[in-house]
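Right, one structure below, let's go through it.
For clarity, every value in this text was computed on a predicted model and none was experimentally measured. Chain letters run A, B, ... following the sequence lines, proteins first and then strands; every chain starts at 1.
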Protein chains: 2
Amino acid sequence: MSLRMALLGLLTAYGPASGYDLAKSFERSVAHVWQAGHSQIYPELAKMTADGLVTVEAEGARGRKIYAITPEGGAELRAWLISHDPTGPARNEVALQAFLLPLLDPGEALAVLERLRAYTERKLAELEALHAVKHASPVPEGATTGVRFGNLALDLGIRQTRTTLAWANDTIAAIGRRA
Amino acid sequence: MSLRMALLGLLTAYGPASGYDLAKSFERSVAHVWQAGHSQIYPELAKMTADGLVTVEAEGARGRKIYAITPEGGAELRAWLISHDPTGPARNEVALQAFLLPLLDPGEALAVLERLRAYTERKLAELEALHAVKHASPVPEGATTGVRFGNLALDLGIRQTRTTLAWANDTIAAIGRRA
DNA sequence: GATTGACATGTAAGAACTTACATGTCACTT
DNA sequence: AAGTGACATGTAAGTTCTTACATGTCAATC
């Protein structure tokens with residue numbers, strides 16, 4: 001369902017687009033929140049067409065198909081946003097490694113934490129780069145809250161990544177003291 | 001792979017256990033980090049037995065099978081912990097809803113944020129309850145870092161949940177000012 | 001004119017995960 | 001003696017996701 005909602009959201013915010021465009025949008029903007037490759041996106045768009053949530057508005061060069069969201073699609077997205085409680089399947093590889101970390105001896109654990117810290121730092125740098133770029137991007141139609149589409153999630157992502165980084169630093173210090 | 005590693009970790013920390021026990025452990029201790037039901041655990045244990053990572057150490061009453069980790073299993077877990085970089089598939093429903101939120105008008109957006117805040121508060125309460133309980137639990141063997149198994153992840157989880165809560169509160173305030 | 005590379009769309013096989021179905025044991029209560 | 005509920009293990013069908021394969025167009029360069 002989430003993939004479907006992400007696609008409906010992109011079509012609402014940026015207007016009609018092809019599967020290819022949507023796959024690019026995933027890479028660029030939604031990637032830090034939800035990931036999907038083209039091999040998942042194309043079949044999903046086909047199903048959504050069958051379900052009447054989107055239509056093929058036009059077919060362009062190179063077999064390019066332009067999808068547009070239908071009123072039913074808009075309703076589905078709104079309903080989901082308003083009433084779907086995140087099932088939060090809780091699947092976090094960083095946290096799983098943190099969970100299992102005490103099974104290693106202190107030296108190894110420190111090495112793993114350093115690796116996690118480096119990984120988190122890279123991720124933070126990426127998000128902050130996005131944050132810097134977004135000020136130059138246009139405000140899409142449909143953003144009635146006065147907040148630019150995607151910014152709330154970016155803010156949340158940056159805060160969470162900083163929190164993870166602080167945790168890694170504190171844990172390195174704590175284990176370092178013992179070793 | 002992660003499910004496999006979580007199972008190997010539990011077997012290392014708490015010693016031999018049945019599929020049923022492991023499913024319970026998932027509910028109790030790893031759940032906030034990685035989730036799996038018994039219908040996923042039983043077949044995985046069968047595959048792991050075939051791969052030589054665990055063995056059926058004993059068969060008890062009621063068809064109960066006790067699995068124990070093998071040296072190969074231990075090596076596999078260590079290798080994964082030390083060198084596997086989290087692929088971070090980035091699939092976060094809360095963040096996705098945050099991403100799409102500006103598509104709603106301010107009143108609706110506020111309602112969604114309130115729902116997300118309530119959800120996050122419930123989750124924080126659960127984690128803090130676990131935190132309170134853990135001080136009464138025994139220190140399992142294999143925890144050579146001097147940190148109790150699972151505590152690092154719990155700390156990380158609590159910090160992240162607090163961060164999400166703060167984000168929800170700040171965002172509610174920000175959108176409230178505009179509305 | 002040939003090659004390269006971004007554009008563009010798909011399918012296939014398999015792994016991971018969810019939900020529901022299905023079966024049987026043992027201890028304790030009524 | 002029958003019923004309940006925790007114990008215990010599995011299978012089946014369906015969805016989602018990953019990785020790899022497969023095909024073809026168009027523009028620009030060499």
With a 3.5 Å cut-off and sequence neighbours excluded, list the donor-acceptor pairs that the side chains of residues 49-60 of chain B form with protein atoms.
| from | atom 1 | to | atom 2 | distance (Å) |
| --- | --- | --- | --- | --- |
| B:Thr49 | OG1 | B:Leu45 | O | 2.7 |
| B:Asp51 | OD2 | B:Arg4 | NH1 | 3.0 |
| B:Asp51 | OD2 | B:Arg4 | NH2 | 3.2 |

Collect all protein-nucleotide pairs involving nucleotides 15-19 of chain C in which both atoms are nitrogen or oxygen and the distance is under 3.5 Å.
| from | atom 1 | to | atom 2 | distance (Å) |
| --- | --- | --- | --- | --- |
| C:dA16 | OP1 | B:Met1 | N | 3.3 |
| C:dC17 | OP2 | B:Gln40 | NE2 | 2.6 |
| C:dC17 | O5' | B:Gln40 | NE2 | 3.2 |
| C:dC17 | O3' | A:Arg91 | NH1 | 2.9 |
| C:dC17 | O3' | A:Arg91 | NH2 | 3.4 |
| C:dT18 | OP1 | A:Arg91 | NH1 | 3.4 |
| C:dT18 | OP2 | A:Arg91 | NH2 | 3.2 |
| C:dT19 | O4 | B:Ser39 | OG | 2.6 |

Is there any protein nitrogen or oxygen under 3.5 Å from a nitrogen or oxygen in nucleotides 6-9 of chain D, and what are the pairs?
| from | atom 1 | to | atom 2 | distance (Å) |
| --- | --- | --- | --- | --- |
| D:dC7 | OP2 | B:Tyr20 | OH | 3.1 |
| D:dC7 | O4' | B:Arg62 | NH1 | 3.2 |
| D:dA8 | OP1 | B:Arg64 | NH1 | 3.1 |
| D:dA8 | OP2 | B:Arg64 | NH1 | 2.7 |
| D:dT9 | OP1 | B:Lys65 | N | 2.9 |
| D:dT9 | OP2 | B:Tyr20 | N | 2.7 |
| D:dT9 | OP2 | B:Tyr42 | OH | 3.0 |

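By the 30° and 60° cut-offs, the orientation of the rings of A:Tyr42 relative to A:His38 is perpendicular.
Atom CD of B:Glu108 is separated from atom CD1 of B:Ile175 by 12.0 Å, given to the nearest 0.5 angstrom.
Listed by chain and residue number, nothing satisfies the side-chain hydrogen bond (donor to acceptor under 3.5 Å, both in side chains) test with A:Glu126 (two or more places apart in sequence, or in another chain). The side-chain hydrogen bond (donor to acceptor under 3.5 Å, both in side chains) check on B:Arg162 picks up B:Glu128, with sequence neighbours excluded. A:Thr120 is linked by a side-chain hydrogen bond (donor to acceptor under 3.5 Å, both in side chains) to nothing, counting only residues two or more places apart in sequence or in another chain.
Atom pair B:Ile41:CD1 and D:dT11:C1' shows a separation of 16 Å (rounding to whole Å applied). Between B:Glu59 atom CD and D:dG10 atom C1' the separation is 14 Å, expressed in whole Å. Between the CG atom of A:Asp51 and the P atom of D:dT15 there is a distance of 11 Å, given to the nearest Å.
No side-chain donor-acceptor contact under 3.5 Å links A:His84 and B:Gln97.
Other residues, nucleotides and ligands contribute at most 12 non-hydrogen atoms within 6.0 Å of the CZ atom of B:Arg78.
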